[in-house]
A.B. asks: 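Below is one structure. I have some questions about it.
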Amino acid sequence: MAEPSFLTAVRESYDTVAADYVERVPPPAAMDPLSRAMLAGFAELVRTAGLAPVADLGCGPGRVTAHLAGLGVSAFGVDLSPKMIGLARHAYPNLRFTEGSMTALEMRDDELGGILAWYSTHHTPPRWLPAVFAEFHRTLAPGGYLLWGDYVGDERLQPTQGYGHPVSYESYLLPLDRMIGLLEQAGLVVTARLEQEPGGRVNRPHACLLARKPEKP
Ligand SMILES: C[S@@+](CC[C@H](N)C(=O)[O-])C[C@H]1O[C@@H](n2cnc3c(N)ncnc32)[C@H](O)[C@@H]1O
């Protein structure tokens, strides 16, 4: 089956911007304290539950994957963009990074202790989100955790430039309640939410959700 055009646009665009992305986007150490706290809380929950591994889906250059690994989590990264995966492998040779799409994960059912989707779902058209979240549910072990973080809003953006280069991807910002509804329709239970106004280095409203795949009855 032919690849959906939005995936081709995301892959080509992030291949183009990869090197400048690393220069322009601050690393996890410079993130706002509340986002870092959500990452730390997620890592602690996964670790203390003895869950592994954690897949960082849409890992980009792997800095957040490495941040999680530094918090004691067994983490690996997956990204659509071969250039991003190349940068991640080069920067973190001890971690595993593979090309792939969160629309169709090459992973077994119940294989993951956790999933991180960190600013990586906003290029997915809303009609594709049920398929993506179904993949999250399928690949998470019962009791496994999802941490999702991204921009929120109610608009479709068609930027022509990103990180100093021409890009062809689009961005879809959804209200947080709609995102929660989509996760819950996929069978995940949302247990915590953080909404933040624009501030610091993030110029849009943004949010984090913690969700869990229910244990088997
Ligand atoms: C804004 S960057 C965020 C990267 C990383 N999570 C971070 O915070 O540094 C978005 C990344 O998501 C990836 N991405 C978008 N859609 C994807 C998909 N369907 N499957 C895998 N990766 C995807 C892009 O290639 C890009 O590297």
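For the single chain, residues carry numbers from 1 onward in sequence order. Numbering of ligands and ligand atoms starts at 1, following listing order.
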A.B. asks: Do any nitrogen or oxygen atoms of Gly58 come within less than 3.5 Å of a nitrogen or oxygen of ligand 1?
C.D. replies: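 Looking only at distances, the answer is yes, because the N/O contact criterion of under 3.5 Å is met.
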A.B. asks: Examine distances only and state if a side-chain atom of Arg138 and a backbone atom of Met107 form a donor-acceptor pair shorter than 3.5 Å.
C.D. replies: yes
A.B. asks: I need the atoms of ligand 1 closer than 4.0 Å to a non-hydrogen atom of Ser120, numbered in the order shown.
C.D. replies: 12 (O), 15 (C), 16 (N)
A.B. asks: To check your reading of the model: name the closest protein heavy atom to atom 20 (N) of ligand 1, its residue, and the distance in Å.
C.D. replies: Met102 N, 3.0 Å
A.B. asks: With the side chain counted from C-beta on, respond yes when Phe42 and Val73 share a heavy-atom pair under 4.5 Å apart, and no when they do not.
C.D. replies: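 Side-chain contact under 4.5 Å: no.
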A.B. asks: Taking only residues two or more places apart in sequence or in another chain, which ones pass salt bridge (Lys or Arg N to Asp or Glu O under 4.0 Å) with Glu3?
C.D. replies: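 Glu3 satisfies salt bridge (Lys or Arg N to Asp or Glu O under 4.0 Å) with Arg11 once adjacent residues are dropped.
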A.B. asks: So, taking the atom named CG in Leu51 and the one named OG in Ser74, what distance separates them when rounded to the nearest 0.5 Å?
C.D. replies: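 The distance works out to 11.0 Å.
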A.B. asks: With the threshold set at under 4.0 angstrom, would you say Leu57 reaches ligand 1 through any of its heavy atoms?
C.D. replies: no
A.B. asks: For Thr121 and Trp148, which I'm curious about, is there any donor-acceptor pair between the side chains at under 3.5 Å?
C.D. replies: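 Short answer, yes.
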A.B. asks: Of all the non-hydrogen atoms in the protein, which one sits nearest to atom 25 (O) of ligand 1, and at what distance?
C.D. replies: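 Going by distance alone, atom 25 (O) of ligand 1 is nearest to Asp79 OD1, 2.6 Å.
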A.B. asks: Among protein heavy atoms, which lies nearest atom 8 (O) of ligand 1, and at what distance?
C.D. replies: Trp118 CD1, 3.3 Å
A.B. asks: Report yes if His122 has an N/O atom closer than 3.5 Å to an N/O atom of ligand 1; otherwise report no.
C.D. replies: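 No; every N/O pair is 3.5 Å or more apart.
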A.B. asks: Minimum heavy-atom separation for Pro28 to Arg63, with atom names?
C.D. replies: CG-O, 3.7 Å
A.B. asks: Taking 4.0 Å as the limit for heavy-atom contacts, which would you say applies to Leu80 with ligand 1: side chain only, backbone only, both, or neither?
C.D. replies: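 Both backbone and side chain.
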A.B. asks: Treating Ser120 as the side-chain partner and Leu57 as the backbone partner, does any N or O pair qualify as donor plus acceptor under 3.5 Å?
C.D. replies: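 Between the backbone of Leu57 and the side chain of Ser120 there is a qualifying donor-acceptor contact (under 3.5 Å).
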A.B. asks: Taking only heavy atoms of Val10, which atoms of ligand 1 are found under 4.0 Å from at least one of them?
C.D. replies: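 Answer for ligand 1: 15 (C), 16 (N), 24 (C), 25 (O).
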A.B. asks: Examine Ser101 against ligand 1 and note whether any of their N/O atoms are separated by less than 3.5 Å.
C.D. replies: yes
A.B. asks: Under 4.0 Å, heavy-atom basis, I'd like to know which part of His123 is in contact with ligand 1: side chain, backbone, both or neither.
C.D. replies: neither
A.B. asks: Give the atoms of ligand 1, by number and element, whose distance to some non-hydrogen atom of Gly100 is under 4.0 Å.
C.D. replies: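 Close to Gly100: 20 (N), 21 (C).
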A.B. asks: Using side-chain heavy atoms (C-beta onward) and a distance below 4.5 Å, is Tyr21 in contact with Lys83?
C.D. replies: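 With C-beta onward as the side chain, the pair stays apart.
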A.B. asks: Nearest to atom 7 (C) of ligand 1 by heavy atom, Tyr21, Trp128, Tyr163: which?
C.D. replies: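 Looking at heavy atoms only, Tyr21 sits closest to atom 7 (C) of ligand 1.
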A.B. asks: Evaluate the side-chain proximity of Leu157 to His122: yes if any heavy-atom separation is below 4.5 Å, no if none is.
C.D. replies: no
A.B. asks: Short list, please: which atoms of ligand 1 are under 4.0 Å from a heavy atom of Tyr119?
C.D. replies: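 The atoms of ligand 1 under 4.0 Å from a heavy atom of Tyr119 are 1 (C), 2 (S), 3 (C), 10 (C).
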A.B. asks: Counting C-beta onward and ignoring hydrogens, is there a side-chain heavy-atom pair between Phe136 and Met102 closer than 4.5 Å?
C.D. replies: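 In short, these two side chains touch, coming nearer than 4.5 Å.
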A.B. asks: Identify, by atom number and element, the atoms of ligand 1 in contact range of Leu7, meaning under 4.0 Å from any of its heavy atoms.
C.D. replies: 19 (N)
